[in-house]
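Residue numbers run from 1 in the order of the sequence given. All of these numbers come straight from a predicted model, not from anything done at the bench.
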Amino acid sequence: LSDEEVRATIRLGPDGELESQELSRIADAVADAYHERGYTEVRVHAGLRDTDDPTRKILLLRIEEGEPTRVVGFIYPEDAPPNGVDLPGALGLSEGDVLDRTRFHEGVAEARHRLRAAGYLQARLETPEVREAEGGSRLAFSLRLGPHYEIRIIDHEPLERSTVEEVLQLADHRLTQRTLPDLSTRVVQLYQRHGYRDAEVELERYRGADRESAILEIRIDSGRQLNVVGMSFPGATHFGSDYLRSQVVSVLEEELPDTRTIGPVDSDNADRLGLGGGGELLSTRRIPRPLYVDPGRVYYEPLYGRAIEHLREVYEAAGFLSARIGGVRLQSVGRGRAVVVIPVVEGPRTLLFNVALHGNAVIGSHELLEASGLRRREPFSYLTLENAIQRMTDRYRERGYLYARIEPTVRFSLNRERAEVVLEVVERFEVRFGEIAIVGNERSSESLIHDALRIREGELYRPSVVQASQDALMALGVFISVA
């Protein structure tokens, strides 16, 4: 174990408190950590050394690692792994390696993933059993492979088969009867995100040609692609429909696929334009249209829910604190075409009427209000108020008042068109730098570090100065991190 790993094991650092009766616990904890790494013969002794200060001690750990236990082989009491699936390799172990049990948890998860990726979707693999053997230990893998699956995806067009396979994530979870509905939901949502709102999926698994094989059949009926040709916002007056639509589309574009700029060329249209290399032009299409997805023309219900929340935030930022938006519905305007209707009840618009400060002495009210950015007769929102308080608190922190606190109270007029904000300031006390201790500089001189620091003992603690000191130390190019 490295020094850092030992320190993490004992959970004790400089200036930590320690009772003498805890020494045996520390020694046992370090020994257990070594056992997990394969050093079962380790001997650990923990003791204390005096210093000039009777209240401060040095913790000494004397560690005799001894010879490690090594892996001398692997056995498979039940099923052997299939060709191409290296179970010991998934654990990062081979014959002759030290028996490191800390690799078991992630290694077994990786081994299960490899088995499922090889088509053994129902494979069961337990944590390997360690068995003593001459010269070391053998690892016994309890493995039940189950059948090898063939995956049949029927009628996946217009999506690629690989796109469907990717969303199935068959290698990530063991296939059971309980996981089948989840697989179906994933595929349905995939098609819905591409505009096929009424897509249906049927999953069936059955035995293959022999007892060692099985088939997972995924039959897809994508239905007709629904094209959202417009959005309506009845009741909206403050914002125009174009602006509100742009806000909805911005949410859709973050998550939905978009083929507008990278979609395949429609070879049928290319032929009709004389760009397809000649040949007879037919009156009807010879091949299906390439998949075209414009996020703004897709109705995917979960994302519209998020879009509604975004619109509420937009209205609140404009002072409409009680705006109600929702009850989304689709209005058909033809085959495969629809308009999304999003009703809006704006309610009253609240403007900031007044801001009052109490309790501030170190920083004047004018300076704090300028820092806050709050202005009378501008729209009021709780987010604006939260940001204003943060800016005022930061101003106090730069004056050395790290523990200053500002508590707001908001009062509204009866019609909720005016808001008055009262800010109670608790300044508390200045914080100054005390003794500056440098820890972890094994190869760099303290004078080099002190010269780079922007902080001095006795000066006010200012976050900007601390950040400047960290930046200056990182600029030296000799440290991985500074805290």
Can you confirm whether Arg161 is buried at CZ, in the sense that more than 12 heavy atoms of other residues, nucleotides or ligands lie under 6.0 Å from that atom? yes
Taking atom NE2 as the centre, does His358 end up with more than 12 heavy-atom neighbours from other residues, nucleotides or ligands that are less than 6.0 angstrom away? yes
With a 4.5 Å cut-off on side-chain heavy atoms, are Val228 and Val298 touching? no
Would the distance check show the side chain of Asp294 and the main-chain N or O of Gly296 forming a donor-acceptor pair, the cut-off being under 3.5 Å? yes
Quick one: side chains of residues 239-250, donor-acceptor pairs under 3.5 Å with protein atoms, not counting sequence neighbours, listed by atom name and distance.
unit_1, atom_1, unit_2, atom_2, d
Ser246, OG, Tyr243, O, 2.5
Gln247, OE1, His310, NE2, 2.7
Ser250, OG, Gln247, O, 2.6

For atom CZ of Arg49, is the number of surrounding heavy atoms from other residues, nucleotides or ligands below 6.0 Å larger than 12? no
Please check if the side chain of Arg174 supplies one atom and the backbone of Gln122 the other of a donor-acceptor pair under 3.5 Å. yes
CD/Glu253: more than 12 non-hydrogen atoms of other groups inside 6.0 Å: yes
I'd like to know if the side chain of Thr393 reaches the main chain of Ile389, judged simply by a donor and an acceptor atom lying under 3.5 Å from each other, with no hydrogens or angles considered. yes
Please check if atom CZ in Arg186 has more than 12 non-hydrogen atoms from other residues, nucleotides or ligands closer than 6.0 Å. yes
Do any N or O atoms from the side chain of Arg454 and from the backbone of Ala468 form a donor-acceptor pair under 3.5 angstrom? no
Let me see the working for Arg205 and Leu175 under side-chain contact (heavy atoms from CB on, under 4.5 Å), right down to the final yes or no. CA-CA 10 Å; Arg205 59 175 179 168; Leu175 182 66; 4.1 Å; yes
Consider only side-chain N and O atoms of Thr409 and Glu424, and report whether a donor and an acceptor are under 3.5 Å apart. no
Evaluate whether atom CZ of Arg456 has more than 12 neighbouring non-hydrogen atoms of other residues, nucleotides or ligands under 6.0 angstrom away. yes
Between Tyr461 and Arg432, is there a cation-pi geometry (under 6.0 Å to ring centre, at most 45° from the normal)? no
The single option from Glu313, Glu255, Glu301 that satisfies salt bridge (charged side-chain N to carboxylate O under 4.0 Å, His left out) with Arg306 is Glu255
Flag if over 12 foreign heavy atoms under 6.0 Å of OH, Tyr382: yes
Got more than 12 heavy atoms from elsewhere within 6.0 Å of CZ, Arg324? no
What pair of heavy atoms forms the shortest contact from Pro128 to Leu91, and how long is it? CG-CD2, 3.9 Å
Would Arg416 pass as a cation-pi partner of Phe412, given that its NZ or CZ must be under 6.0 Å from the six-membered ring centre and within 45 degrees of the axis? yes
With no hydrogens and no angle check, do the side chains of Tyr396 and Glu427 hold a donor and an acceptor under 3.5 Å apart? yes
Any non-hydrogen side-chain atom of Ile10 less than 4.5 Å from a side-chain atom of Leu59? yes
Where does the angle between the aromatic ring planes of Tyr315 and Phe320 fall among parallel (under 30°), tilted (30 to 60°) and perpendicular (over 60°)? perpendicular
Is a side-chain donor-acceptor pair under 3.5 Å present for Asn360 with Ser365? yes
Return yes if a side-chain donor-acceptor contact under 3.5 Å exists between Ser413 and Asn415, otherwise no. yes
Do Tyr292 and Gln225 have side-chain atoms, one donor and one acceptor, less than 3.5 Å apart? no
